[in-house]
Every structure is written in C-alpha cells, then in structure tokens.
Engineer: 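Pasting a structure below so you can have a look.
Since the structure is predicted, the reported quantities are computational estimates derived from the model, not experimental observations. In the text below, chain A, chain B and the rest are named by the order of the sequence lines, each starting its count at 1.
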Amino acid sequence: MPEDRTEQPHIVTCTAPVNIAVIKYWGKRNEDIILPINSSLSVTLHQDQLKTTTTVATSRSFQEDRIWLNGKEEDITHPRLQSCLREIRRLARKRRNDGDSGVDSASLSHKVHICSVNNFPTAAGLASSAAGFACLVYSLARVFGVEGELSGIARQGSGSACRSMYGGFVQWIMGNKEDGKDSLAQQVEPETHWPELRILVLVASAERKPVGSTSGMQTSVKTSCLLKHRAESVVPGRMVEMTEAIRKKDFAAFAELTMKDSNQFHATCLDTYPPIFYLNHVSQQIISLVHRYNKHYGETRVAYTFDAGPNAVIFTLQQHVPEFVHMVQYFFPPETNGADFIKGLPVNCASLSEELKQGIGLEPMPKGINYIISTKVFTHIYPHKQLLQHCIIGLL
Amino acid sequence: MPEDRTEQPHIVTCTAPVNIAVIKYWGKRNEDIILPINSSLSVTLHQDQLKTTTTVATSRSFQEDRIWLNGKEEDITHPRLQSCLREIRRLARKRRNDGDSGVDSASLSHKVHICSVNNFPTAAGLASSAAGFACLVYSLARVFGVEGELSGIARQGSGSACRSMYGGFVQWIMGNKEDGKDSLAQQVEPETHWPELRILVLVASAERKPVGSTSGMQTSVKTSCLLKHRAESVVPGRMVEMTEAIRKKDFAAFAELTMKDSNQFHATCLDTYPPIFYLNHVSQQIISLVHRYNKHYGETRVAYTFDAGPNAVIFTLQQHVPEFVHMVQYFFPPETNGADFIKGLPVNCASLSEELKQGIGLEPMPKGINYIISTKAGPGPRVVEDPTQHLLLSDGFPKKTM
C-alpha cells in the first residue's frame, strides 16, 4: 500500500490527568492483571495544573518498541508496560478482525516509540503512574484507531490508571470475574456536576522514600486482617454513601467520608506486619489543623486525604480556599516568604483573625510543606493536534 | 468494745505493680462498672523498678474519707474512687454478714485516710492508674480484713487495674454477664515462669498531652468499625495464641504477637473519628529500629509495644539487653552523655559493631528518649511490714516530707 512507502511516522500526542482516590484502593486479589480486593472512587484533577503528556509514534523504520520517560530512556520490557502494549494491540487486532475500519493496520504492524513527560516533579510523589499509564493507553489507542472501553487495559498498567481514563468523579468497580473483564472504571458524575469543589495539593518536603505501593499493598493483603474486613464489609457501603454524597453535592458527607477512608487506609497500613507509615509528623499536623479548623466553624468545611506518601490533598469549596490556603501558609511557614508557595489556580488574599489563630492553637511547623497546588476537578482526556518538539527530537 | 476507745488508727501500707498489656484493652461495653469489649493480657512489672505505695488508715476520729496522691490532696468524690470504696465496703459487710470473722468491723465503720505515691514520675505516663487503683483496693481489703477475689473491684476503679492484682502474666477475661461478676483477672503464669524475659521502658521526651484513654476509647468504640471487628474476631484468637506462646516460652511468637497487637490497637485509634495519634515520630523510629534489628540478626530478638502515650515498652531476653540498650542510646543519643540514661536493673556494657550500625541504617534522633528503665516481670501486690514505710503518720495525716 502507498502508505507503507513513506518514512513519516504516524504521531499522536495526548494528555491525561492525575486522580485522587476518596475511597481508597489498597490490595490486589490478582497481581498479574491487577484486580483489586475492593472498589474505589476518585476525583480527577484538572490538567492545567497536573498532567502527563505522551507522544506515541509508529513507523515502519522503527526497529523495536522504545520508551522515554521525563527525558530518560526506560526499560520497555517492564511487565506493566508490556501488559499495556500487548493488550492494546490485541484489542486493535480483534477490532480489525471484527471489521472495524477505523483500525490503523499499518501502525498496528509497526513498532512504537513513546515519549512521556509530567508537568509536575516526579519527586513530588503525585500519583504519576496513574496519569502515565492512562495517557499511554489512550495515546496508543488513538495511534491504532481503537475506540471504546480502554480502562481495563490502563488498569493492567497501574490499577489506579483506569480511573484517570475519565474526568470528574470516577469509580473503579472491582468486578467478580477471574479474567477481570468486569473490573473497569466508569464515570459517576462529570466535572461540571460540582463546579464549586476545589482541591489543594500540599506538597510535602522531601523525606525518606516511603514503601512503594505495589509491595506495600502486597504485604498488607498478606498480613492485615483489618484490611480484609475493610474490603469485605466496609468499602461496599462507603462506595454507595460516597456516590450519594457526590450526587447530592453534600460537602459535609463527602468530606467526612473522605477523611474516614483516608484514615482507615492508613490504619490498615499500621496493621500490616511490618507496619507501614505513610503519615509523618507533618501529616499528623495537617490532620489536626483540618479538624480544629472545622471545629472552630462548627461545620465540615475542609477535608484531607493522604495516599501512599507524604503529600496531603485537601478538598474544600471555592469560598473557603483563600482562608484555608493562608492558614496552611501560617501554620507551615515556607522557607522563602511565599511567592512560589501557591501554584496553580490563583488564590485571593485572606487575612486570618487572631481569634482563628488562637482557636486552632497549634505550633507553626516551619518548612513542613514545600508548596501548594490549587486546582479543581477535570473533565476529560483529550488528544492534542500539535506536536511536542522536544519529544519528537528524541524519537527521530 | 475496748478497741473503740483507742485513738490509734489502724494503718496498713501496701505496694502494687504496673502492668503492660501485650494484648490490648481499648473500649468498654459498660462505662459504669467498666466492662471491656475484649479480653486483654499483660505482663506485671517488677516493683523494685516501678510501683505504687499506698497507706490506708482508719480511725474513729476521722471525720470523712480523704485521699492524698503524690503529696497533694485530691477529690475523694471522684466516681472511680467512690466505686472502689463502696464496693470494698460492700464486700466486707457481706463477708461479715456471712460469718467471716476476719473482717475488721471497727475499721469498716470508720472513715479512711488514703495516701499514695509512685516511685516513678506521673509525667512519665507510665500507667499509674492501674497500679494506683490496684494498690488502693488491696490496701483497703487488708484494712477491712477482706480476702479473696478483688480484681473485680479494682476493675471498677480503672479497667487495667484488675490485671495489677496479680504478678507474672495476667489475663483480664472480658466476661459475658451484664453485672460484670465474671469480668475478672486471673494469672496465666507466675513471674517465676520466664526468668529470662526482660522489659525496657523507653521513657519519651515530654510532648503535647495525648488524648486521655477514657475519652479516647469512647470515641473509638463509637466511630471505628475496625475496632468492632478487632474485638469480635481478632482478639479471642490472639488471647489463645498469646497464652500458648507464654506457656511455651516461645519468644518469637510472643514478640510477633505483641508487636502486631500494639500496631492493631494504634490502627483502631487511627480509624477513630477524629483520628487519635499516640505514635509520634520517635515511636515510628523505635519501631523501625526494632524491625531492622531483628532483620539484621534474622530472628525476632526484640519486641515493642506502645500504649496510649509516647512511651515504648520493649520486651527481650536477658542476653540481648546490653546490646539493645546501647543501640537505643546510639540511635537516640541523650542530652547528657548517659549516666542517668539507664535506670533500674544494671545493664552490662556492650559495643556496637560498625556492621550493626550500618545494617540498621537509621539517622540518630538526639534526645528522642529521656531515659530507659530496665526491669523484669514481677509479683502482685504485697503488704509492707515495716511501719517506718507508712505514708501516713499516727495522726492519720501525710508525712510532711512528702
């Protein structure tokens, strides 16, 4: 065919979001195809503040599959990468054989070059594997001309990546089947549903590298009976409650459940043997701050959630953002006084009353937090038409 | 009767031990008479290192019940104190009415003066209420001439006090009855059973006052579903395993279970809403130290347990004490270099190999630990025969030197 004679690679670039779980995933029932022991639910964050960008190129001239992450070539034989490549190609072939004319047979027969970058530092520990694998799968799908349900493939790269395949509020249904065909993500509500919801990512100061998620959750599944009880008896009810709270835009219910689930996840880490500590003294102080802040106003205005690392993610409504951000800055005074402390969406000024400061009654913890990213809920993955020059230079 | 005309008070002094739970009690099913949601098991510590001393005096001339704790008069109307006084008097009257001639009717009809001190600082957060109430109940029983099962009364002063009524290894059976008559402590093994077992209390630096146990466990019972599951489904099996490990003197099994139960207790605190943090960064570092130390030697030589406060209690066998104590001193270097750092039983010197220090691979945390008390398992409450040890003078009031 004429297309085969051209040396021009077929290139597609996409971006994908980070997601933050409010009902946590921790523990697999199947390590190979990544099936979880419980369902989970997340909020997709806006890509203006946090995203992965991935360019995929295919060409007859490429000798082998290759991948560059954040400027460095990585090992393409990594099992999780192989899972995604294998599964997306399998799906493309199946569609083609079923007569889907959208499938790009040429690309499907070629090797791929992949280049991916995050617009946030990897060292920040900000759930980049979810965004990364979601972006990879979505980009490969665009290159091969595959449409439809892709979350199951993203799931095999990194469990939580399936939730980054959708915007807004997303659930990952655990499924029952052994083959995992029913373990998929689906949108609960789009981002447009709750426009007043805001997210603040409190990026912690760099510390000793925490226990990685994959091995951490394996040890938890093996040793924690509280985790087993959580998965079987607690999470199902919470998924229903959380979905309801989001549907009704009931912030107090959403917030309380979010905090409880974060704490319960960390409780199961502590019930692991040996115990896993993701919450440090800064995390504990942030938690105290939130509870005291809510108590001061007699209402649940702010919620925290923590993943398998030191960063805190705060949920609140837009009217509370200025005061709470300045509270964080007051109780966790940064190294330099503040120009770089608040990133992302602009945050209005706010003054803190003496009454509030006294009411909180905590000792400031200097340099406990590096900076804050102010963001909101995001809507959907979309492909870019333009090319990223620095990525392409690496590919060609 | 001739005895009534004397103004001499009847004075008794007793001492009682501290106990450290290895299967934890956290949560009540009945607040009034203190019935727990699960059974618990503890090790009684030796009174040479940690004890409460209580003197009880009764006299016809006393106008009212009064109590002095660590030199200061306290409120005798505190419900927990009243429970103990009321219950011990009730038991004494019942025994007398049943014909028990040992009961001292005179004392029973009089008011009491009580004076109590600890030989360790209250600020150290070292479970003084267990020792305190056990001592109070034991002393009152001696004064009134009541013998036999007393742990049920101590329990009503402070839950864990019932376990301080015995030495060695003690379990508090949760019981089923509403009236709590079967919620009692009993000895699992005496302190002579496992002579090689050693305990190190790592007294933490003073910090923000943690959430008190009583309100903390109330909130946990109310809000933590993991706690409910623990009480119903996990603890019963662990009580059996722990009893077995102690009977067989299987240190590895004892140690692993102790660490798991401490961690699970703290996990339920984290699952409480609002969450309760008793483990701080020093606690986390001690936990890391223990796991790395055990990993370095490929065997479980040391175990930790933490209660509702920052102090760590370490269990180990006597041959490991010198090295581990020096490890703690190395990784938590004290303010002054060490003369007062190790208290209690003498600890031999030990040098730490570079290989060991590298193997642990942790950053030292200066002044994280104030001092260490080296101790062992010990006996239950006992009477102090030496009258010069009484904390109350013959007028029934505390010695001025206190």
Side-chain angles (χ1 to χ4, degrees), chain A residues 207-208 210-211 219-220 223-235 237-238 255-295 300 303-304 306 361-363 365, chain B residues 207-208 210-211 219-220 223-235 237-238 255-295 300 303-304 306 361-363 365:
Chain A
E207 245 188 42
R208 178 167 82 206
V211 174
T219 313
S220 288
T223 62
S224 168
C225 40
L226 294 190
L227 177 58
K228 190 171 191 299
H229 175 74
R230 161 179 166 74
E232 290 172 1
S233 310
V234 183
V235 173
R238 286 186 173 183
E256 202 174 288
L257 202 45
T258 293
M259 290 187 274
K260 285 178 172 179
D261 210 71
S262 176
N263 292 337
Q264 192 172 87
F265 153 56
H266 290 282
T268 63
C269 289
L270 190 37
D271 187 53
T272 298
Y273 189 78
I276 299 170
F277 295 97
Y278 288 123
L279 301 178
N280 60 18
H281 62 297
V282 177
S283 321
Q284 290 183 13
Q285 190 83 332
I286 291 167
I287 287 172
S288 293
L289 180 63
V290 169
H291 283 285
R292 289 176 187 224
Y293 183 75
N294 290 334
K295 189 170 179 186
T300 313
Y304 53 78
F306 296 81
L362 290 170
E363 279 304 302
M365 210 175 251
Chain B
E207 248 189 39
R208 182 166 80 205
V211 175
T219 313
S220 288
T223 62
S224 167
C225 41
L226 295 190
L227 177 58
K228 190 172 192 299
H229 176 75
R230 162 180 166 73
E232 291 173 358
S233 310
V234 183
V235 173
R238 286 186 173 183
E256 203 175 290
L257 203 45
T258 293
M259 290 187 274
K260 285 178 173 177
D261 210 72
S262 175
N263 292 337
Q264 192 173 86
F265 153 56
H266 290 281
T268 64
C269 289
L270 192 38
D271 188 52
T272 298
Y273 189 79
I276 300 171
F277 295 97
Y278 288 123
L279 301 178
N280 60 19
H281 62 297
V282 176
S283 321
Q284 290 184 13
Q285 189 82 330
I286 291 167
I287 288 171
S288 293
L289 179 64
V290 170
H291 283 284
R292 289 175 189 223
Y293 184 76
N294 289 335
K295 189 171 180 182
T300 313
Y304 52 78
F306 295 82
L362 289 170
E363 279 304 301
M365 211 176 249

Engineer: Which heavy atom of B/H229 sits nearest a heavy atom of A/C225, and at what distance?
Structural biologist: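 In terms of heavy atoms, the two residues are closest at NE2-O, 3.9 Å.
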Engineer: Backbone N or O of B/L279 within a donor-acceptor pair of the A/Q284 side chain at under 3.5 Å?
Structural biologist: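 It does hold such a pair.
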Engineer: Decide if the gap between the ring center of B/H291 and the ring center of A/Y273 is smaller than 6.0 angstrom.
Structural biologist: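 When the ring centroids of B/H291 and A/Y273 are compared, they turn out to be within the sub-6.0 Å range.
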Engineer: With a 4.5 Å heavy-atom cut-off, do B/D271 and A/N263 have their side chains touching?
Structural biologist: no
Engineer: What option among A/T272, A/L226, A/V290, A/D261 has the most heavy-atom pairs under 4.5 Å with chain B?
Structural biologist: A/L226
